[in-house]
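Only one structure is covered here, and it is reproduced in the block below.
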Amino acid sequence: MEQPRIHPYIPIVIGVISVSMSAIFVKLASAEAGIIAFYRMLFSVLIMAPLFLRGYTKELITLKRRDWLFSSVAGIFLAFHFILWFESLNYTSVASSTVLVTLQPLFAFVGTYFFFKEKITMKTIIAGSIAIIGSVLIGWGDFKVSGTAFYGDVLALIACALATAYFLLGQDVRKRLSLVTYTMVVYVVSTITLFIYVLVKGESFGPYSSMDWIWFILLALIPNLLGHTLFNWSIKYVSTNVVSIAILFEPVGAALLALVIFKEYLIMTQIIGGSIVLAGILLFVIDIKKIFLIFFMKNA
């Protein structure tokens, strides 16, 4: 295998920090959730456009009706994922919101079981049960603090489900379409969906302060394009499981940033519940048998 000039773990760490900033930028922006989501996607499309136009437009001809349908629905789901997740940050803490959104791997497994008939193992059942217990504990603790915090948790969970649906649809289309073309189609549909949503809701497209425009652009550049691009680059050199485990640290990074910037202190149920959720997802993505095999081979 071709060796990279830098160790793959360095881009992975930068990627985790990048995606951890998403919730922070959203909370720093003064606009409504729909507007923040719209400009995040619009600027992402504009930044990607030169690359797409230079070498990928011909691929659009190969798209079948099924590909257009799945990509369009995926774009709609992605739009409402951002709306609900960004809205959740108005009600609950960065820590609770990001931990609950991190439940995507377990939502995805349920989806693949029903739609792609993938098998459910005992490890998956145990991991899912652990993660659910942790999320219930977070919700229970937030509900005791305030009903609005619990409402924010519910929004984050729905946002997580929508993101999972977006990935499940992409799993089918990506077998026939390049990453750039698929991403461009989905982002364009998502941007159009958000534009319509903002119009219907009567939210203002502007004017906004110069700092708000900076947060909009940074949302497109750092979490969207930098973070996910680094993850996609890294999987050429390391296992996908390594990246999956690394992404679990997003809530940790987001919570630390929120503590420093917004003085959002964690309550005990958030710490315990969040740790339980991350432990459940960690159990889900780790190949325990492989780890034991490697361990015993080294010590044989």
Side-chain angles (χ1 to χ4, degrees), residues 19-44 72-108 110-111 131-132 134-136 138-139 142-143 145-170 186-187 189-205 215-216 219-220 223-224 227-228 247 250-251 254-255 258 262 264 270 273-274 277 281:
V19 296
S20 299
M21 292 180 178
S22 182
I24 304 301
F25 292 150
V26 171
K27 292 209 75 165
L28 286 170
S30 62
E32 295 181 83
I35 285 291
I36 298 172
F38 168 71
Y39 281 121
R40 172 176 179 163
M41 298 310 299
L42 176 63
F43 286 127
S44 296
S72 298
V73 175
I76 293 169
F77 283 165
L78 181 63
F80 283 97
H81 156 74
F82 282 132
I83 291 169
L84 293 178
W85 181 36
F86 293 175
E87 192 67 37
S88 76
L89 292 165
N90 292 324
Y91 298 97
T92 192
S93 67
V94 167
S96 292
S97 181
T98 51
V99 164
L100 294 172
V101 167
T102 309
L103 283 166
Q104 284 178 29
L106 294 177
F107 275 85
V110 174
I132 289 169
S135 61
V136 169
I138 291 172
D142 285 350
F143 183 75
V145 173
S146 72
T148 55
F150 180 73
Y151 175 65
D153 292 346
V154 172
L155 291 179
L157 277 173
I158 299 172
C160 178
L162 288 170
T164 305
Y166 152 68
F167 284 122
L168 289 171
L169 289 163
V186 170
Y187 280 13
V189 172
S190 185
T191 303
I192 294 170
T193 302
L194 288 163
F195 178 78
I196 295 171
Y197 173 85
V198 169
L199 279 181
V200 171
K201 279 207 70 180
E203 296 178 5
S204 173
F205 288 98
W215 304 136
F216 298 156
L219 273 167
N224 257 29
H228 291 285
I247 292 174
E250 177 187 350
F262 305 117
E264 283 192 3
Q270 288 176 321
V277 168
I281 301 174

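Atom OG1 of T193 is separated from atom CZ of F77 by 11.0 Å, given to the nearest 0.5 angstrom. Distance check: I76 CD1 to L194 CG gives 10.5 Å after rounding to the nearest 0.5 Å. If you take CD1 on I35 and CD1 on I83, they are separated by 10.5 Å, rounding to the nearest 0.5 Å. Atom OG of S88 and atom CG of D153 lie 8.0 Å apart (nearest 0.5 Å). S96 OG to L157 CG: the interatomic distance, rounded to the nearest 0.5 Å, is 10.5 Å. Expressed to the nearest 0.5 Å, how far CH2 of W215 lies from CG of L28 amounts to 4.5 Å.
In terms of heavy atoms, A31 sits closest to F216 at CB-CZ, 3.8 Å. The two atoms that bring L100 and A156 nearest to each other are CB-CB, 4.1 Å, heavy atoms only. Minimum heavy-atom separation, N224 to M41: ND2-SD, 3.9 Å. Nearest heavy-atom pair, G227 versus V19, reported as atom, atom and distance to 0.1 Å: CA-CG1, 4.2 Å. Closest approach of R40 to A220, counting heavy atoms only: O-CB, 3.4 Å. Nearest heavy-atom pair, V189 versus S72, reported as atom, atom and distance to 0.1 Å: CG1-O, 3.3 Å.
The shortest distance between side-chain heavy atoms of W85 and V26 does not fall below 4.5 Å. Two residues are said to be in side-chain contact when any heavy atoms from C-beta on lie closer than 4.5 Å; V101 and H81 meet this criterion.
With T92 contributing its side chain and L89 its backbone, the two residues share no donor-acceptor pair below 3.5 Å. Formation of a donor-acceptor pair under 3.5 Å by the S190 side chain with backbone atoms of Y187 is not found in this model.
The ring-ring contact (aromatic ring centres under 6.0 Å, His included) search around F205 returns F38, F195, not counting sequence neighbours. With sequence neighbours left out, E264 forms a salt bridge (charged side-chain N to carboxylate O under 4.0 Å, His left out) with K27. In this structure, the ring-ring contact (aromatic ring centres under 6.0 Å, His included) partners of Y151, at least two apart in sequence or on a different chain, are Y91.
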